[in-house]
Amino acid sequence: MFIRQPPVWSPLRVRSIVAATGSLAGGDRARGALRNLIAHRFGAEDVVLTGGGTQALQLALALASARAEARGRPIALPAYSCFDLVTAAVGADVGLRFYDVDPVRLSPDLESLRAVAAEGVAAVVAGNLYGYPVDTAAVRSICDDAEAVFIEDAAQAIGSSTSEGRSAGSLGDVTVLSFGRGKGWTGGGGGALLLRGRLAEAWSGVRPGTPAGRVELAPGGRGAGRAITSLAAWMLGRPSLYRLPASIPALGLGETRWCDPVPPAEIPAFSAGLALRTAADALHGVADRRRTAMTLANALARSPAAAARVQVCEPLGGSDRAGFLRLPVVTRSSVEARALCERGRDLGIAPSYPAALHLLPQARAPQVGPVPELPGAERLAERLVTLPTHRWVREAHVRALVEVVASIETT
Ligand SMILES: Cc1ncc(COP(=O)(O)O)c(C=O)c1O
């Protein structure tokens, strides 16, 4: 088989890329329009556009920890998520506590979070993995009890909502968005920090150019290189050509790698222009992914052999509440997870994050207290595998995906 399915695809048209090159000459208009669109779509009093979601999170952590009442308190992070959460914490120079993640719902283990928050934290970071919903009402109440800031990590949230129908991205005291590779809304890079209430006030006190002047954003530049990589992603990110970029190890496609923190910068002009032009397609892509995810989940459930080998993660509040960037499934063992990723690679089956965050070497120094046991996160690091849900997954691919799951060697 020559085709190779990418594990993930962000809705992107060549005409959006071409139109976004118009922002290269001067990005202020695109940045202003993107800020307005985000503030309106997600309800935010202030929006800071950054070079990436990690940089936005780094600013959020620094801001939450700088509050007089929070000084010296650590930040609570989920023990299973993208490594970039630890990168941001290292960049913001904050202490860390980790809470566990429910390995079926992919949302915070509330008992674990409550215990960590009760010991005193400056902020709680909670986010939507693969677009799976978070019980934000419960997280909000835990934050209120602990007088902690709720940082909503909505980097992967597009299309996700609460059971009351409130959109992810509009729920934290601050919210982080990403327009990076593999997210449902792409700018070929870039991110945003959305500020509300007391955090918006706190930010206006530390904005560059004000006397408090604590945070300086480096200039974002034009981002001409991002125009080229976005064009390459559009062209080569499809099944007929994906084998080519996937065979170049330096690109690290489908791998999770540690990245050192960088000083926060403004979003490049091109990325602002592209995120603006992909904003509508990003929302339209959700319904297609949800349909594919449900077709795949139902097909796995109908095959006794497949159903015995993997458990499909269940979105809180039902599948209408999830954005399904991918379909996450938990295998019976780490050996079976590796076998499934190897045998299903050409079908777009890919490993998830390969380590729990509290066990990363880079998390050792900032971690406050002994390294805890967090069984949900550790189970996910060993056994979570993702199946593709994007526009190129057709009926024949669904059948092939179920067959490969059903035939994983037992150990
Ligand atoms: C959950 C989560 N948070 C934050 C980030 C950081 O975003 P960026 O890649 O734009 O820096 C990512 C990126 O993969 C992510 O998946």
Legend entry - Donor-acceptor pair, side chain of R41 and main chain of A279, under 3.5 angstrom: yes
Inset, instruction - Output yes when a side-chain donor or acceptor of R114 lies under 3.5 Å from a complementary backbone atom of I142, and no otherwise. - result: no
Inset, instruction - Say whether, by atom type as modelled, one donor and one acceptor occur between the side chain of R243 and the main chain of S240 under 3.5 angstrom. - result: no
Inset, instruction - Quick one: pull up CZ in F324 and CG in L296 and give me the separation to the nearest 0.5 Å. - result: 10.0 Å
Inset, instruction - Inspect the surroundings of CZ in R345 and state if more than 12 heavy atoms from other residues, nucleotides or ligands are less than 6.0 Å away. - result: no
Inset, instruction - Please check if atom CZ in R222 has more than 12 non-hydrogen atoms from other residues, nucleotides or ligands closer than 6.0 Å. - result: no
Legend entry - Heavy-atom donor-acceptor pair, R290 side chain to G323 backbone, under 3.5 Å: no
Legend entry - CG-CG distance between L57 and D84, expressed to the nearest 0.5 angstrom: 8.5 Å
Inset, instruction - Just say parallel, tilted or perpendicular for the rings of W9 and W392, cut-offs at 30° and 60°. - result: perpendicular
Inset, instruction - Tell me, yes or no, whether the heavy-atom count around D93 atom CG, taken from other residues, nucleotides or ligands under 6.0 Å, exceeds 12. - result: no
Inset, instruction - Provide the closest heavy-atom pair for G95 versus V368 in the form atom of the first, atom of the second, distance. - result: CA-CG2, 4.1 Å
Inset, instruction - Go through the steps to decide whether V174 and R196 satisfy the test side-chain contact (heavy atoms from CB on, under 4.5 Å), and finish with yes or no. - result: CA-CA 6 Å; V174 297; R196 305 182 179 94; over 6 Å; no
Inset, instruction - Report yes if some heavy atom in the side chain of S160 is under 4.5 Å from a heavy atom in the side chain of V286; otherwise report no. - result: no
Inset, instruction - Check V330 against C313 and note the closest heavy-atom contact, atom names and distance. - result: CG2-SG, 3.8 Å
Inset, instruction - List the steps, then state whether side-chain contact (heavy atoms from CB on, under 4.5 Å) holds for R31 with I267. - result: CA-CA 8 Å; R31 290 187 184 103; I267 193 170; 3.8 Å; yes
Legend entry - Where at least one partner belongs to residues 375-388, residue pairs that pass side-chain hydrogen bond (donor to acceptor under 3.5 Å, both in side chains), sequence neighbours excluded: R326-T386, H358-E378
Inset, instruction - Using atom types as modelled and distance alone, determine if a side-chain donor or acceptor of S81 lies under 3.5 Å from a backbone N or O of P78. - result: no
Inset, instruction - Indicate yes or no: does E69 engage R67 in a salt bridge with an N to O separation below 4.0 Å. - result: yes
Legend entry - Nearest-0.5 Å distance, OG of residue S319 to OH of residue Y132: 9.0 Å
Legend entry - More than 12 heavy atoms from other groups under 6.0 Å of CD on E147: no
Legend entry - Sub-6.0 Å ring centroid separation between F83 and W258: no
Inset, instruction - Mark yes when over 12 heavy atoms from residues, nucleotides or ligands other than E373 sit less than 6.0 Å from its CD; otherwise mark no. - result: no
Inset, instruction - Taking only Lys NZ, Arg NE, NH1 and NH2, and the carboxylate oxygens of Asp or Glu, determine whether E119 and R97 approach each other closer than 4.0 Å. - result: yes
Inset, instruction - Say whether, by atom type as modelled, one donor and one acceptor occur between the side chain of H40 and the main chain of L37 under 3.5 angstrom. - result: no
Inset, instruction - Give the C-alpha distance, both sets of side-chain angles, the deciding distance and a yes or no for side-chain contact (heavy atoms from CB on, under 4.5 Å) between Q311 and R332. - result: CA-CA 8 Å; Q311 175 174 25; R332 293 181 302 189; over 6 Å; no
Inset, instruction - Determine, for D281 against R13, whether the closest basic-nitrogen to carboxylate-oxygen distance falls under 4.0 angstrom. - result: yes
Legend entry - Contact check, side chains of V8 and Q156, non-hydrogen atoms, under 4.5 Å: no
Inset, instruction - Might you point out which heavy atoms bring L327 and T389 nearest each other, and give the distance in Å? - result: N-CG2, 3.5 Å
Inset, instruction - Kindly check if the number of other-residue, nucleotide or ligand heavy atoms within 6.0 Å of CZ (R198) is above 12? - result: yes
Inset, instruction - Indicate the atoms forming the closest heavy-atom contact of P7 with Y242, along with that distance. - result: CD-OH, 3.6 Å
Inset, instruction - Measure the shortest side-chain to side-chain distance between Q55 and L59 over non-hydrogen atoms and say whether it is less than 4.5 angstrom. - result: no
Legend entry - L49 side, atom CG; I38 side, atom CD1 - distance, nearest 0.5 Å: 5.5 Å
Legend entry - Minimal non-hydrogen separation, T87 against D260, with atom names: CG2-C, 3.7 Å
Inset, instruction - Flag the pair V385 / V310 as yes when at least one side-chain heavy-atom distance between them is below 4.5 Å, and no otherwise. - result: no
Inset, instruction - Over all heavy atoms of both residues, which pair between S352 and T256 is shortest? Give the atoms and the distance, please. - result: O-OG1, 4.3 Å
Legend entry - pair L274-S16: side-chain heavy atoms closer than 4.5 Å: yes
Inset, instruction - Taking Y80 for its side chain and Y353 for its backbone only, find out whether a donor-acceptor pair lies under 3.5 Å. - result: yes
Legend entry - Worked verdict on Y130 versus L384 for side-chain contact (heavy atoms from CB on, under 4.5 Å): CA-CA 12 Å; Y130 305 116; L384 189 67; 4.1 Å; yes
Inset, instruction - Would you mind checking if R140 and D173 are paired as a salt bridge, meaning a charged N to carboxylate O distance below 4.0 Å? - result: yes
Legend entry - CG on L316 to OG on S107, rounded to 0.5 Å: 4.5 Å
Inset, instruction - Could you tell me whether R29 atom CZ has more than 12 heavy atoms of other residues or ligands within 6.0 Å of it? - result: no
Legend entry - Rounded distance (nearest 0.5 Å) linking atom CG of L177 with atom CG of L193: 9.0 Å
Legend entry - Minimum side-chain heavy-atom gap V335-S333 below 4.5 Å: yes
Legend entry - Sidechain-backbone polar pair: T295 side chain, R291 backbone, donor-acceptor under 3.5 Å: yes
Legend entry - Non-hydrogen side-chain atoms of L325 and R289 separated by less than 4.5 Å: yes
Legend entry - Main-chain N/O of L106 paired with D102 side-chain donor or acceptor, under 3.5 Å: no
Legend entry - Sub-4.5 Å side-chain heavy-atom contact between W185 and T278: yes
Legend entry - V18 backbone acceptor or donor facing T21 side chain under 3.5 Å: yes
